[in-house]
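Report on one structure; see the data block that follows.
Note that this is a predicted model, so its numbers are computed, not measured. We count ligands from 1, going down the list as the structure has it; atoms in each ligand are counted the same way.
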Amino acid sequence: MDPLAPLPVALADEVADARSAGRGVVALETTIVAHGLPHPVNLEVAAACEVAVRAAGAVPATIAVVDGVVRVGLAPEELAALADPARGVAKLSARDVGVCVASGGDGATTVAGTIAVAAALGIDVMATGGLGGVHRGASETYDESADLVALSRYPVCVVASGVKSILDVGATLERLDTLGVPVVGYRTGRFPGFYRRDAGFALEWSLGGPAQVARAFRAHRALSPTGLVLAHPIPEADELDEGLHRAGLAAAEAAVARDAVTGKAVTPVMLAAFAGATGGASVAANRALVVANAGLAGEVARALAERR
Ligand code: PSU
Ligand code: MN
């Protein structure tokens with residue numbers, strides 16, 4: 001790592017080896033670890049995602065900023081430090097990474113921050129739980145996740161269980177359309193709603209296997225600079241009960257209104273309120289879906305590497 005390079009990056013050995021061997025690599029975010037899930041489930045989920053990527057025949061690259069260096073592939077101690085709520089590490093969207101590096105700080109990357117780094121390094125697949133999107137009431141607050149604009153800028157295939165169901169799903173789909181980001185169902189014609197398999201919207205496109213996704217993404221990249229959303233519903237057995245989901249949503253909205261939460265804190269506060277109102281059932285669902293997404297991302301990364 002050259003500390004004077006514009007972007008100081010340290011690749012884990014495993015990631016560096018995979019890159020030189022042309023093996024598939026999957027970028028994994030860390031905001032879900034630092035801000036999205038409670039301790040210590042967050043740490044278990046991060047480890048389980050890495051296991052799922054490896055089981056699919058690809059190499060995980062979990063991304064964060066540590067001491068002002070972009071780390072691609074984290075050691076277990078580094079992951080544990082990020083997962084420790086007492087540390088309160090920064091949440092880094094794409095716009096924050098450079099400034100965090102210059103300040104020598106630590107931070108966990110969102111989908112936007114992670115795909116910005118991944119694109120700079122030529123990593124073309126990432127997995128997350130649910131994308132950020134347009135918040136309910138955005139016509140007043142203008143609160144729209146930078147994940148959407150990032151997807152329009154960085155050519156990364158993002159595997160996600162749709163967008164978080166705390167959002168305005170219809171508005172988010174409209175924005176992805178405007179931004180030129182394809183949304184493809186994986187073995188489904190319905191757009192998933194994070195904890196639920198169907199958020200109530202039909203998808204125009206659906207693909208049935210990793211090789212088809214790899215072909216679609218390569219063809220898309222040949223004519224567009226944007227990423228692609230591969231919408232992968234939560235496994236049926238792990239879906240959150242509809243009544244619990246409704247209760248969780250109500251609690252999430254109430255928490256934000258009660259404490260007048262704004263900015264980066266909105267999504268973490270909503271997820272925590274959701275977990276409280278569902279007695280932790282939403283956390284179990286979140287774990288199941290993100291691990292499944294990591295596995296599928298591994299399969300897609302492997303298919304992309306094989307076709308190279
Ligand atoms: N998926 C999850 N949990 C999360 C996130 C995704 O299952 O916490 C994170 C991702 O890092 C995503 C972020 O980019 O939530 C969106 O935050 P915001 O709405 O502030 O853009
Ligand atoms: Mn926001």
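Within ligand 1, the atoms closer than 4.0 Å to a non-hydrogen atom of Thr31 are 11 (O), numbered from 1 in the order shown. Close approach to Thr110 involves these atoms of ligand 1, each under 4.0 Å from a residue heavy atom: 11 (O), 14 (O).
Under 4.0 Å from ligand 1, not a single heavy atom of His35 appears. Counting heavy atoms closer than 4.0 Å to ligand 1, residue Thr128 contributes side-chain atoms (C-beta onward) but none from N, CA, C or O. For Val111, heavy-atom contacts with ligand 1 shorter than 4.0 Å involve the backbone as well as the side chain.
Polar contact check, Ala146 against ligand 1: no nitrogen or oxygen pair lies under 3.5 Å apart. In terms of N/O distances under 3.5 Å, ligand 1 is not approached by Thr109. The distance criterion of under 3.5 Å between nitrogen or oxygen atoms is met by Gly130 with respect to ligand 1.
Lys264 and Asp96 are joined by a salt bridge, as a carboxylate oxygen and a charged side-chain nitrogen come within less than 4.0 angstrom of each other.
Between the Mn ion (ligand 2) and Asp143 there is an N/O/S contact shorter than 2.8 Å.
Nearest to atom 13 (C) of ligand 1 by heavy atom, out of Glu29, Lys164, Lys264, His135, is Lys164. Around atom 19 (O) of ligand 1, the closest heavy atom drawn from Asn293, Asp143, Leu271, Thr267 belongs to Thr267.
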